[in-house]
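Below is one structure, written out as structure tokens, with a few remarks after it.
A, B, ... follow the sequence lines: proteins, then strands. Residue 1 opens every chain. The figures here come from the full heavy-atom set of this structure, side chains too, leaving out hydrogens, waters and symmetry mates.
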Amino acid sequence: MDFKQKVAEIFTSLDDEITIDEAIQMIEVPPSSDMGDYAVPCFKFSKKYRKAPAIIAKELSEKIGQVDGFEKVENAGPYVNFFVDKKHFAEKILKQAYAEKDKFGSTNVGEGKTVIVEFSSPNIAKPFHIGHIRSTLIGNSIHKIYTYMGYNTVAINHLGDYGTQFGMLISAYKKWGTPEIVEAIEKDPIPELLKLYIRYNQEIETHPEYQDEARYWFKELENGNEEAHKLWTWFREVSLKEFNRVYDMFGIKYDSLAGESFYSDKMADVISELEDKQLLKDSEGAKIVELSEYGLTDALIQKSDGSTLYVTRDIAAAMYRKKTYDFYKNIYVVGAPQKLHFDQWRKIIELMGYEWAEDCVHVMFGTVSLEDGALATRKGRVVFLEDVLKKAIEKTTEIISDRNPNLDNREEVAKQVGIGAVIFQELFNNRIKDYMFSWDKTLSFEGETGPYVQYSYARTCSLLKKADIEIDDDVDFSVLTDKEAFNVIKKLEGFKAAVLGSHDKYEPFFITRYVVALAQEFNRFYHECPIIVEDAKVKKARLLLTQTVNTVIKTALNLLGMEAPEKM
RNA sequence: GAACCAUUAGCUCAGUGGAUAGAGUGCUAGACUUCGAAUCUAGGCGCCGGGGGUUCGAAUCCCUCAUGGUUCACCA
């Protein structure tokens, strides 16, 4: 029985003018469970019946009287409050969860649809730093959520492996690339390449012609100059090796590494198509698409020297992806500063006549800053992502040797918990918020944190192991009608909505908030209600609840990209 | 100058137009010879940035102002 549906049916039977959908719309969840489990506010009836809402609520609740599956129906002021029968409720939720196992939070909305998630996308030859954590982890979670919902998913790392900056690097290397430098790059690629990049930028101040040389070399790269291409390939390889260390730690895998360079030979077609559709205008030797009539600034498509830009490559990429994957959604997890770029880009695709422009989604997020100001690679104000993970693991190792020194595979668990803490923290708030990176906060393991949830999970594992009995859904559900157990079950019921919310809004934090709340309810239950008790009936029922919580926590953590260690 | 985003407890943040605006943290006091104390319990007088408006009802929707952030042509 669906309790909400039942409440809606009651209202349609009381008033033939109300449709079932309208009735469902009216149903609310009271702020406190003391007020019931479902509520219908009666303000809207007051005009029709020409009575005060509170009087209507009272009359309606008396008219409804006793209903099958509900403990009671009563009014509180202008609300008609429904209290579910706790035993029936427990039976319904736990039997469903038992049958569906780790699919309990899923629906089949994604069946037969392909979704692309582009995320992380660091620039090669540059540090993989704390600023990249957001796209990397938000994107990874969204990818997992869509996969869980039954979509075919394609994870793309749109590497920043093209553009004038590589002209700079090639030019710099040709000027200063002594054998010592080559060796240094092989040994420690990112910092050494970064040094070249910084030096080049500094020398542009005194040698303005370097700017043109960089553009020249990038143009040569686009034209397929062998020397330029060879250097570029080398920069790309050594950088990827570095990035993969971090992706491995996060357990992130990609289906495609088609970065900007991949589209270098697909740009000419885009430009000629824009020409054909008469969208391009000449402006100071460059080519633009005018967008002012749509409330946007004009978009530069081709530079005056003939080379292309970011937006051109993104148009080519979108067209390629539509052709290759025939996506249902094409999701870009990229920071809010690039909103204008994506608005222009989507508008241009729309102007080209492609209806699928509306299936392209920019999932944006706020900016990370450091305590002493904005991140600034060239000024050395940078926190490496790998260092953050290492420190988190280090701290976890200390805590483990302090509290659980005999733990097996301590290293593995320290990794799972330390990295889990970082992931959880990142996915805990609304994406749009800017935040300041803080070591204290990242390394805090108490309260609403990843380790708290993982600890709760380990606790369920330990209980299930200790009890050591076969668990099935043939239990006496009347055991689970006390307040603490009921609150856990109500929370379990909300899992599907949390996952669906994250799916609809591209917001993993609904799941993060959900799982911490579930862990809290379970911990309260644990402290109030002994689980492994003599009474076999009580024990079995409470263990079924424990097992359900166990499965849901693990599923939720996996959707966030976290591991769930059984001991910690 | 224009556009977009943000503003809720000391701090970090939740809050689908509905009932008394909630968590965590910090602080104070308690709970381990008993299922894991990375846990739990108790303690909150907040001009929900200001001002208007819409509504039976606004932290939530609209307008306006303020503050902070971001972006606005040859970087990505």
Side-chain angles (χ1 to χ4, degrees), chain A residues 28-32 35 39 41 43-44 46-47 52-53 76-79 81 121 123 126 160 162-165 168 214-215 260 283-288 295-311 313-314 334-341 343-344 364 366-367 369 374 396 399-400 402-404 417 421 425 428-430 432-436 438 440-441 444-456 458-467 497 501 505 509-510 513 516-517 519-520 523-524 526-533 539 542-543 546 567-568:
Chain A
E28 294 174 4
V29 176
S32 152
M35 298 167 171
F43 306 101
K44 292 208 167 68
S46 69
K47 248 182 207 157
Y79 293 88
N81 290 336
S121 311
N123 288 330
K126 292 227 187 120
Y162 226 53
T164 313
Q165 53 174 327
M168 287 188 192
R215 291 211 187 100
E260 290 166 24
S283 172
E284 298 167 35
K287 292 185 176 168
I288 64 165
L296 298 166
T297 50
D298 297 341
L300 190 62
I301 297 292
Q302 190 178 53
K303 295 194 254 182
S304 40
D305 69 358
S307 62
T308 58
L309 284 136
Y310 187 34
V311 72
R313 287 195 277 279
D314 265 355
V334 180
Q338 294 191 45
K339 184 175 189 303
L340 176 62
H341 161 77
D343 286 346
Q344 291 175 324
M364 59 183 181
T367 306
S369 59
T396 311
I399 295 176
I400 290 174
D402 186 37
R403 301 182 198 182
N404 203 352
V417 175
Q425 168 70 31
F428 192 62
N429 292 329
N430 194 318
I432 198 64
K433 298 265 183 193
D434 293 342
Y435 69 83
M436 197 180 290
S438 130
D440 279 355
K441 202 161 181 197
S444 135
F445 293 172
E446 275 161 26
E448 296 168 325
T449 63
Y452 171 87
V453 178
Q454 287 171 322
Y455 178 83
S456 309
R459 176 176 266 172
T460 62
C461 290
S462 155
L463 285 164
L464 293 168
K465 191 170 174 214
K466 188 154 195 171
K505 306 274 193 233
F509 98 115
F510 289 124
R513 298 273 168 171
V516 89
Q520 282 168 336
N523 284 327
R524 284 186 195 118
Y526 171 87
H527 278 274
E528 290 303 316
C529 309
I531 292 163
I532 300 168
V533 289
K539 181 162 87 170
R542 287 181 176 166
L543 281 167
T546 303
K567 288 181 181 176
M568 61 187 272

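- Checked by atom type and distance alone, the side chain of A:Ser444 never pairs as donor or acceptor with a backbone atom of A:Asp440 at under 3.5 Å.
- Residue A:Glu446 is classed as a sugar-phosphate contact, given heavy-atom separations below 4.0 Å to backbone atoms only.
- Note: CE (A:Met364) to C1' (B:rU70) measures 10 Å, nearest angstrom.
- Closest to the side chain of A:Arg459, out of B:rA73, B:rU39, B:rA14, is B:rU39.
- Taking CZ of A:Arg459 as the reference point, atom NZ of A:Lys567 lies at 15.5 Å (rounded to 0.5 Å).
- Considering only side-chain N and O atoms, A:Tyr310 lies nowhere under 4.0 angstrom from the phosphate OP1 or OP2 of B:rA76.
- Within the nucleic acid shown, A:Cys461 has no heavy atom closer than 4.0 Å to any nucleic acid atom.
- Here the nucleotide nearest the side chain of A:Ala76, chosen from B:rC72, B:rA19, B:rA38, is B:rA19.
- Pairing for B:rA14 is absent, judged as Watson-Crick or G-U wobble with the two contacts each under 3.5 Å.
- Here A:Val533 lies out of heavy-atom contact (under 4.0 Å) with every strand.
- Heavy atoms of A:Pro31 sit under 4.0 angstrom from at least one base atom.
- When distances are taken from the side chain of A:Asn523 to each of B:rC40, B:rA14, B:rA38, the shortest belongs to B:rC40.
- A:Lys567 comes within 4.0 angstrom of a base, heavy atoms only.
- When heavy atoms are screened at a 4.0 angstrom cut-off, A:Tyr526 is found touching base atoms of the nucleic acid.
- Residue A:Ile288 is classed as a base contact, given a heavy-atom separation below 4.0 Å to a base.
- The CD atom of A:Glu528 sits 15 Å away from the C1' atom of B:rU34 (whole-angstrom rounding).
- Considering only side-chain atoms of A:Ile400, the nucleotide from B:rC4, B:rC74, B:rA38 that sits closest is B:rA38.
- Within 6.0 Å of NZ on A:Lys539 lie more than 12 heavy atoms contributed by other residues, nucleotides or ligands.
- Using a 4.0 Å heavy-atom cutoff across all strands shown, A:Met568 reaches at least one base atom of the nucleic acid.
- Taking only side-chain nitrogens and oxygens, A:Lys339 never comes nearer than 4.0 Å to OP1 or OP2 of B:rU70.
- Relative to the side chain of A:Tyr455, the nucleotides B:rU39, B:rA73, B:rA19 differ in distance, and B:rU39 lies closest.
- When each of A:Ala374 and A:Phe428 is assigned the nucleotide of RNA chain B bearing its nearest heavy atom, the one mapping closer to the 5' terminus is A:Phe428.
- Put simply, A:Arg313 has a side-chain N or O that comes within less than 4.0 Å of OP1 or OP2 on B:rA76.
- Using a 4.0 Å heavy-atom cutoff across all strands shown, A:Ser283 reaches at least one base atom of the nucleic acid.
- One finds a side-chain N or O of A:Lys433 lying less than 4.0 angstrom from the OP1 or OP2 phosphate oxygen of B:rA14.
- With a glycosidic angle further than 90° from 0, B:rC5 counts as anti.
- Separating the OG1 atom in A:Thr367 from the CE atom in A:Met436 is a distance of 12.0 Å, to the nearest 0.5 Å.
- A straight line from CG of A:Asp343 to P of B:rC5 spans 10 Å, rounded to a whole angstrom.
- Look at B:rA3: its Watson-Crick or wobble partner, with both distances under 3.5 angstrom, is B:rU70.
- Remark: the separation of the P atoms in B:rG46 and B:rA2 is 38 Å, to the nearest Å.
- Between the side chain of A:Thr164 and the base of B:rC75, no donor-acceptor pair under 3.5 Å is found.
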| message | A:Tyr455 vs A:Asn523, test: side-chain hydrogen bond (donor to acceptor under 3.5 Å, both in side chains). Steps then yes/no. | response | CA-CA 10 Å; A:Tyr455 178 83; A:Asn523 284 327; over 6 Å; no
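- Nucleotide B:rU41 forms a Watson-Crick or G-U wobble pair with B:rA29, both donor-acceptor distances falling under 3.5 Å.
- The side chain of A:Asn430 sits closest to B:rA14 out of B:rA14, B:rU39, B:rA38.
- Applying the 3.5 Å distance criterion, the base of B:rA73 shares no donor-acceptor pair with the side chain of A:Thr297.
- When only modelled atom types and interatomic distance are considered, A:Tyr310 and A:Gln338 share a side-chain donor-acceptor pair under 3.5 Å.
- Nearest to the side chain of A:Thr396, among B:rU39, B:rA76, B:rA38, sits B:rA38.
- Within 4.0 Å (heavy atoms only), A:Asn81 reaches at least one base atom of the nucleic acid.
- In the set B:rA76, B:rA6, B:rA73, the nucleotide with an atom closest to the side chain of A:Ile432 is B:rA6.
- Summarising the base pairing, B:rA21 is matched to no nucleotide, lacking a Watson-Crick or G-U wobble pair whose two defining distances lie under 3.5 Å.
- Defined by atom type and a distance below 3.5 Å, a donor-acceptor pair is missing between the side-chain atoms of A:Lys287 and A:Thr308.
- Using a 4.0 Å heavy-atom criterion, one finds that A:Leu309 contacts the sugar-phosphate atoms exclusively.
- Taking only distance into account, the side chain of A:Asp402 never meets the base of B:rA38 through a donor-acceptor pair shorter than 3.5 Å.
- For B:rA38, one of the phosphate oxygens OP1 or OP2 lies less than 4.0 angstrom from a side-chain nitrogen or oxygen of A:Arg403.
- A:Glu284 comes within 4.0 angstrom of a nucleotide base, judged by non-hydrogen atoms across all strands.
- Considering only the side chain of A:Tyr452, B:rC40 comes nearest among B:rC35, B:rC40, B:rA19.
- The side chain of A:Arg513 approaches B:rC13 more closely than any other nucleotide in the set B:rA76, B:rA23, B:rC13.
- Separating the CD atom of A:Gln520 from the C1' atom of B:rU39 is a distance of 11 Å, rounded to the nearest angstrom.
- A:Ile532 approaches A:Ala467 most closely through the heavy-atom pair CD1-N, 3.9 Å.
- OP1 or OP2 of B:rG36 has at least one side-chain nitrogen or oxygen of A:Ser462 nearer than 4.0 Å.
- Looking at heavy-atom distances under 4.0 Å, A:Ala39 makes contact with a base.
- Across all strands shown, B:rU55 remains unpaired; no Watson-Crick or G-U wobble contact has both distances below 3.5 Å.
- Between A:Arg524 and B:rU39 there is no side-chain N or O to OP1 or OP2 distance below 4.0 Å.
- If you find the closest nucleotide of RNA chain B to A:Pro78 and to A:Gln338, the one lying nearer the 5' end belongs to A:Pro78.
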